[in-house]
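Here's the structure we're looking at; comments come further down.
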Amino acid sequence: MNGEFVVTPYGVTGDVDYDQLIEKFGTKRIDRTLLDRIGTYGPVHHMLRRDVFYSHRDLEWILNEYDKGNRFTLYTGRGPSGPIHLGHLMPWSFAKYLQDIFKVKLWFQLTDDEKFLYYDNLTLEETKKWGMENALDIIALGFDPKLTNLFLDTEYIKTMYPTAVRAAKKINFSTIKAVFGFDNSNNIGSIFFTSIQTVPCFLESIEQGRKVPCLIPCGIDQDPHFRITRDIAEGLGYYKPALIHAKLMPSLAGSEKMSTSSKTDTTIFTVDDKKTVKRKIMSAFTGGRVSVDEQRKLGGSPEICSVYQYQSYFFEPDDDKLKQLFEQCKSGKILCGECKGILFEKVWKFLENHQAKREAAKEIVDQFFVRD
Ligand code: TRP
């Protein structure tokens, strides 16, 4: 088949088989029963219906506790190494959805330390600057300032450090090597870092002085960190964090994770102007045929089309409309140029609005930040 693939927070190689990843990581699939249960709290998000958020750990437990009146807290994060693209917004808008339907607090970690430690070409000043820039995109998504705590690791370290060292004492170097694929050449900060990503799972518990359940919406590539957290949580006197995992966002070039570091032309940044967005979408990889004639006759392949995937993951929440698009493509009724045009209109409408909110966020950013 497709052969080997490896998923860690620090690199994804090979063709990821997401079903197999569930087996490899030992997570659970979000099944029909669980989707129906989520539907009792609010609308079932299209990223759940379409298997974008497709895997979990202990989500039933989180809902059981919630039903008993024991509300959970949400935790997610961002490694600030550059500008934000559409793929980044996906899990965060999902976190916003969870905040909206459950009315719970969100802790949002900006790991300026992590990106400094892992990237040779970034200074700590730069990762912190990106953290503040990225915060604007996060706030622009509309999180409730009363229910959202954003923080930069280097600014919140005094609060986090006692828990970080307590966590670090329970983690062996051999575990780090095995989980992240590290060797003796990795710098010692990167070896320690997972204990810093662990702490926010417990920040609400620390603040309230009692055990509070925590749910982490994240890309499945982050799961290895939290496997370690789950192994040590109870020994530290907390609940194991629960997780809900997303598949990794494809780029406009096709399958692989939409990345800031790969070719910028296949990645749409939130600050791109209209012309740039248009150029990128118009040159996207599609499932089209070699000629118009052939496509009219044989139809296209939405299954492998990045334009269709953008509609499905992000821009067309209506299932009937998505199905219609799928069928029009399959039957050769719609050609790639037209389809790209439709996507462009939607993306630009979204981005124009996002950019205005991003500007407005500059005025309210302080309402979101917690500092030592
Ligand atoms: N390590 C993540 C990254 O590089 C950032 C992050 C920190 C995170 N805490 C998190 C992501 C919790 C998801 C959930 O992007």
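Excluded from the calculations below are hydrogen atoms, water molecules and symmetry mates; all remaining heavy atoms, backbone and side chain alike, are included. Atoms within each ligand, like the ligands themselves, are counted from 1 in listed order.
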- [ ] With the side chain counted from C-beta on, respond yes when L21 and F5 share a heavy-atom pair under 4.5 Å apart, and no when they do not.
- [x]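 Yes, at least one pair of side-chain atoms sits under 4.5 Å.
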Open item on the list: With heavy-atom distances below 4.5 Å as the criterion, would you say the side chains of E294 and K297 are in contact?
Closed with: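 Heavy-atom side-chain distance check fails, nothing below 4.5 Å.
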TODO: State whether the shortest distance between N or O atoms of R78 and N or O atoms of ligand 1 falls below 3.5 angstrom.
DONE: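 Min N/O separation from ligand 1 is not below 3.5 Å for R78.
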Open item on the list: H225 versus ligand 1: do any nitrogen or oxygen atoms come within less than 3.5 Å of each other?
Closed with: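 It does not: no N or O of H225 is found under 3.5 Å from an N or O of ligand 1.
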Ligand-side contact atoms (ligand 1) for residue partner [X], heavy atom cut-off under 4.0 Å:
X	result
E114	1 (N), 2 (C), 3 (C), 4 (O), 5 (C)
I216	14 (C)
C218	13 (C), 14 (C)
T76	10 (C), 12 (C), 13 (C), 14 (C)

Task: Under 3.5 Å side-chain donor-acceptor pair for H85 and T267 - done: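 T267 and H85 do not have a side-chain donor-acceptor pair below 3.5 Å.
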How close does the nearest protein non-hydrogen atom get to [atom], and which residue and atom is it?
atom	value
atom 2 (C) of ligand 1	Q222 OE1, 3.3 Å
atom 4 (O) of ligand 1	K115 NZ, 3.0 Å
atom 11 (C) of ligand 1	G77 O, 3.4 Å
atom 3 (C) of ligand 1	G79 N, 3.6 Å

TODO: In sequence, state the C-alpha distance, the side-chain angles, and the governing distance for D137 and T270, and then conclude on side-chain hydrogen bond (donor to acceptor under 3.5 Å, both in side chains).
DONE: CA-CA 8 Å; D137 285 289; T270 61; 2.7 Å; yes
- [ ] Would you verify whether the NZ or CZ of K177 falls within 45 degrees of the ring axis of F180 while also being under 6.0 Å from that six-membered ring's centre?
- [x]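 Not satisfied by the 6.0 Å and 45° rule.
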TODO: Using the ring of Y238 (Phe, Tyr or Trp, six-membered ring only), decide whether K211 places NZ or CZ under 6.0 Å from its centre and within 45 degrees of its axis.
DONE: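 The answer is no; the distance or angle limit is not met.
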Task: ligand 1 contact on F226 by region, counting heavy-atom pairs under 4.0 Å - done: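 The answer is the side chain of F226.
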Open item on the list: Between K128 and E155 (salt bridge meaning N to carboxylate O under 4.0 Å), is one present in this structure?
Closed with: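 So K128 pairs with E155 through a salt bridge.
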Task: Note: D319-K323 ion pair, threshold 4.0 Å (strictly below) - done: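 Salt bridge absent between D319 and K323.
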